[in-house]
2 protein chains.
Amino acid sequence: MNRKKSEKYNRIIAAATKMFAEKGYYKTRISEIAREAGIADGTIYIYFSHKDQILIALFEEKMQEVLDNMKRQIGLEDDPLAKIERFALTHLRLIEDNKDMAEIIQVELRQSSKFMKNYHNLKFSQYLDLIEDIIREGQKKNLIKKEVIPSIAKRAFFGALDEMSRYWVLSKSHKYDIETAAKQINSYFIHGIKT
Amino acid sequence: MNRKKSEKYNRIIAAATKMFAEKGYYKTRISEIAREAGIADGTIYIYFSHKDQILIALFEEKMQEVLDNMKRQIGLEDDPLAKIERFALTHLRLIEDNKDMAEIIQVELRQSSKFMKNYHNLKFSQYLDLIEDIIREGQKKNLIKKEVIPSIAKRAFFGALDEMSRYWVLSKSHKYDIETAAKQINSYFIHGIKT
DNA sequence: TAGTAATGTGAACGATTATTCATTTTTAGC
DNA sequence: GCTAAAAATGAATAATCGTTCACATTACTA
């Protein structure tokens, strides 16, 4: 049987997503994940060799979804500047619709290198590179200034979105909605880089 | 005696800064901090009631320094747009000059709410608010567009810098220097918001 | 339906580690 | 140089939790 498709496997990932978001990786007990998933502690070790494997699997699954979704969305636009706008909106909507996942990526993914020696988050780099590619394309079409360094611009743009996400995820009430935030960030950034 | 001024207190903070940056809060043992500081394990508990108090004290000390330094730096400029430029450069230089501290703020501060129930990072908010104030000032002087929402813009700008910091802190070699990065980010952002 | 493999269980284990505290060492006043 | 308080020590403690495994249950096959 394919472990990935097993019902239990998915239940464990779902339970871990909820618990890690709530208490963080270290404060979450295996027994809590098991209880949340409605299974015995030992069952988790049929599907995962160690606690950290749950977190890694969780990253991989979620990031793949996020990546696929974003590729699909920016594929709907032709104009590089429109792609950038759609990136922002899609990213922030994703955060709004997947708070637990967003919180884990915000908080745990960032420190994952600290406890998982050789876990390099390829998917995350690929996600960032989507922006870099759009910028290069925009430069080729003369829509974006040649002086813009794509690898800096991608981080600046992603960083802006990411900081908004952090605010979204960590505070209860918000002064403005996702659409407004996306529009603002796009406006700063697009004006800043276009020819 | 003032605990804050004690030599041992400072040695513990310094040792913790090094170890937390290297291994992360959870993976760092009290005994490792003690060894690094050249004292006995028990001595730490003369100065700090619990392990998490070391991290909190560390945040407070470092953030106060960062905040004071930034206020001094932006105080050197009159023009709001020049203040923003100086903010970026100062922030990135600080990261470059204090890698351990930067790494802790990047990684541990972000997840601190997860294990310290009621630790609200006031200093961090104040730091962000420096940007918001500059933007409001710029709007008053008609240098920055009225449509710019200061509380969104501050996060966007800080986020851009912060993502650059993350790259700086987490990767060994860099394609470009701090000055280039600051110049790029400033150029996008200033163009994006100015009237 | 019996037999067997796969899956699931949860109590017990053992390793880890923050914290304590009885004891020792240092400091400071006289 | 004596004394008491303060500071420091580090071995012992106690609690925590990831992981295991002997046993139980369920699913599958013929």
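In this text the structure is predicted, and so the values were computed from the model without any measurement. Throughout, protein chains are lettered first and strands after them, A, B, ... in sequence-line order, and every chain is numbered starting at 1.
Within 4.0 Å of A:T28, counting heavy atoms only, lie sugar-phosphate atoms of the nucleic acid but no base atom.
For A:H50 and D:dT19, the shortest distance from a side-chain N or O to OP1 or OP2 is below 4.0 Å. Under 4.0 angstrom from either OP1 or OP2 of D:dA7 there lies no side-chain N or O belonging to B:Y47. Put simply, B:R29 has no side-chain N or O that comes within less than 4.0 Å of OP1 or OP2 on C:dT16.
Closest approach to the B:Y45 side chain among D:dA7, C:dA18, D:dT20 is made by C:dA18 (side chain taken as heavy atoms from C-beta onward). With distances taken from any side-chain atom of B:I39 to the nucleotides D:dC17, C:dG10, D:dT9, the minimum falls on D:dT9. Relative to the side chain of B:D41, the nucleotides C:dT9, D:dG10, D:dC17 differ in distance, and D:dG10 lies closest. Proximity note for B:A40 (side chain, C-beta onward) versus C:dT19, D:dG18, D:dG10: the nearest is D:dG10. Of the listed nucleotides (D:dG18, D:dA8, C:dG8), D:dA8 has the atom at the smallest distance from the side chain of B:I46. When each of D:dA7, C:dG8, D:dT19 is scored by its nearest atom to the side-chain atoms of A:K8, the top-ranked nucleotide is C:dG8.
More than 12 heavy atoms of other shown residues, nucleotides or ligands fall within 6.0 angstrom of atom NE2 in B:H174.
When the P atom of D:dT19 is taken as reference, atom CD1 of A:I44 falls 10 Å away, rounded to whole Å.
In this structure, a donor-acceptor pair under 3.5 Å is present between the side chains of B:Q184 and B:Y188. Remark: the B:D162 side chain and the B:S165 side chain contain no N/O donor-acceptor pair separated by less than 3.5 Å.
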Next item on the list: Could you walk me through whether B:H191 and A:F189 pass the ring-ring contact (aromatic ring centres under 6.0 Å, His included) test, one step at a time?
Entry: CA-CA 8 Å; B:H191 268 101; A:F189 194 70; over 10 Å; no

